[in-house]
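Written out below as structure tokens is the structure these notes cover.
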Amino acid sequence: MNMVGKLISLEGIEGAGKSTLASALEAALRARGLPVLLTREPGGTPLAEQLRTVVLARGPERISAEAETLLMFAARAIHVENLIRPALAAGTWVICDRYTDATRAYQGAGRGVDGELIERLAQAVHADLWPQRTLVLDLPVELGLARARARRGPGDRFEDEQRRFFERVSARYRELAANEPERIRLIEASGTPENTLERSLAALSDVLPAARTALG
């Protein structure tokens, strides 16, 4: 039987817990007997990861909001063509840490990039390839930023942004969820990782096959 995989994307501000959830979802899907690919944006392939470094790294040269947006979509184009589409065609389920909704929220609402430009670029880069389900991890901005600051590591240009930036991003995510309730689900993420996983699996219940049993 020719199986086609599904694309699930994870969204949210810094400190929301996307990476932790991605690993937990990967294990949950594998427990259901599904082949799973865990990936991220920007990045996911060697060349796209190079663009990720350009976008996120602090440096002496300024990157305008428009240039940042174009770099995001350049990385996405490489990622979609070389990794996501082939994986889906092979029947693999893809869990992607961020996708075009991130560009709508971060570059659109956060940076003020024209929304029509973002939609035109999305159409050009991936046309009708949207996730079957997008989980937006929703939590108070202050909590997310506190979690991000507590992480080890140098951080990146986005983590340098102020609270108002992330409030705009968070508000846009909620707006997107309200506009596309069939695809995008808000997941309350201020609790434990276990709580977040439980809510996420419930939000995926209509697209996931049943878990295997000992007799199955």
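Atom CD1 of residue Ile84 and atom OG1 of residue Thr92 lie 12.0 Å apart, to the nearest 0.5 angstrom. To the nearest 0.5 angstrom, Asn82 atom CG is 8.0 Å from Leu47 atom CG. Rounded to the nearest 0.5 angstrom, Arg32 CZ and Leu201 CG are separated by 5.5 Å. In this structure, CZ on Arg111 lies 11.5 Å from OG1 on Thr103, to the nearest 0.5 angstrom. Of the inter-residue distances, the one linking Arg168 atom CZ with Ile13 atom CD1 reads 13.0 Å to the nearest 0.5 angstrom. One distance of note links OG1 of Thr39 with CG of Leu83; it measures 5.0 Å at 0.5 Å rounding.
For the pair Val55 and Glu68, the minimum side-chain heavy-atom distance is below 4.5 Å. No side-chain heavy atom of Val169 sits less than 4.5 Å from a side-chain heavy atom of Val141. Between Glu26 and Arg30 there is a side-chain heavy-atom pair separated by less than 4.5 Å. By the 4.5 Å heavy-atom criterion applied to side chains, Gln50 and Val54 are not counted as neighbours. Side-chain contact between Tyr173 and Ile184: absent, with no pair of heavy atoms (C-beta onward) separated by less than 4.5 Å.
Following chains of ILVMFWY side-chain contacts shorter than 4.5 Å, one cannot reach Val207 starting from Val136, and the two form parts of different hydrophobic clusters. Hydrophobic cluster membership is shared by Leu197 and Leu10, with clusters built from Ile, Leu, Val, Met, Phe, Trp and Tyr side chains linked at under 4.5 angstrom. Residues Ile118 and Ile78 fall into different hydrophobic clusters, defined by Ile, Leu, Val, Met, Phe, Trp and Tyr side chains chained together at heavy-atom separations under 4.5 Å. Note on Phe158: it clusters hydrophobically with Leu71, by side-chain heavy-atom contacts below 4.5 Å among ILVMFWY residues. Criterion: ILVMFWY side-chain heavy atoms under 4.5 Å apart, direct or through other members. Under it, Leu176 and Leu135 are not part of a common hydrophobic cluster.
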Check step by step if side-chain contact (heavy atoms from CB on, under 4.5 Å) holds for Thr134 and Tyr99. CA-CA 9 Å; Thr134 295; Tyr99 196 63; over 6 Å; no
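Across every non-hydrogen atom of Gly43 and Ala48, the tightest pair is O-CB, 3.4 Å. The shortest non-hydrogen separation linking Ala177 to Leu186 is CB-CG, 3.8 Å. The two residues Val36 and Ile95 come nearest to each other via the heavy atoms CG1-CD1, 3.9 Å. Looking at every heavy atom in both residues, Leu117 comes nearest to Val113 through CD2-CG1, 4.1 Å. Of all the heavy atoms in Ser200 and Ile187, the pair that sits closest is OG-CG2, 3.7 Å. Across all their heavy atoms, Met72 and Pro42 have their closest contact at SD-CG, 3.8 Å.
Residues meeting the salt bridge (charged side-chain N to carboxylate O under 4.0 Å, His left out) test with Arg183, sequence neighbours left out: Asp101, Glu180. Under the side-chain hydrogen bond (donor to acceptor under 3.5 Å, both in side chains) criterion, Tyr106 pairs with Glu14, Arg98, sequence neighbours left out. For Glu49, the side-chain hydrogen bond (donor to acceptor under 3.5 Å, both in side chains) partners two or more places apart in sequence, or in a different chain, are Arg40. Judged as a salt bridge (charged side-chain N to carboxylate O under 4.0 Å, His left out), and not counting sequence neighbours, the contacts of Arg163 are Glu142, Glu167. With sequence neighbours excluded, the residues forming a salt bridge (charged side-chain N to carboxylate O under 4.0 Å, His left out) with Glu175 are Arg172, listed by chain and number. Legend: residues meeting side-chain hydrogen bond (donor to acceptor under 3.5 Å, both in side chains) with Arg174, ordered by chain and number and at least two apart, are Asp138, Ser170. Listed by chain and residue number, Asp206 satisfy the salt bridge (charged side-chain N to carboxylate O under 4.0 Å, His left out) test with Arg133 (two or more places apart in sequence, or in another chain). Residues satisfying the side-chain hydrogen bond (donor to acceptor under 3.5 Å, both in side chains) test with Asn195, not counting sequence neighbours, are Thr192.
Residues in residues 12-58 take part in no ring pair (Phe, Tyr, Trp, His ring centres under 6.0 Å) pair, two or more places apart or across chains. For residues 16-25, every residue pair satisfying the side chain to side chain donor-acceptor pair (under 3.5 Å) rule, not counting sequence neighbours, is listed here: Lys18-Asp97. Listed by first and then second residue, the ring pair (Phe, Tyr, Trp, His ring centres under 6.0 Å) pairs involving residues 42-91 amount to none (not counting sequence neighbours).
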With a cut-off of 3.5 Å and sequence neighbours excluded, list every side-chain donor-acceptor pair involving residues 123-130.
from	atom 1	to	atom 2	distance (Å)
His126	ND1	Leu129	O	3.0
His126	NE2	Thr100	OG1	2.8
Trp130	NE1	Ala127	O	3.3

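Arg199 places a side-chain N or O within 3.5 Å of a backbone atom of Glu188 that can act as its donor or acceptor partner.
Residue Trp93 is tested with Leu208, Leu7, Leu37 for a side-chain contact (heavy atoms from CB on, under 4.5 Å); the sole match is Leu208.
Counting non-hydrogen atoms of neighbouring residues, nucleotides and ligands closer than 6.0 angstrom, the CD atom of Glu119 exceeds 12 such neighbours.
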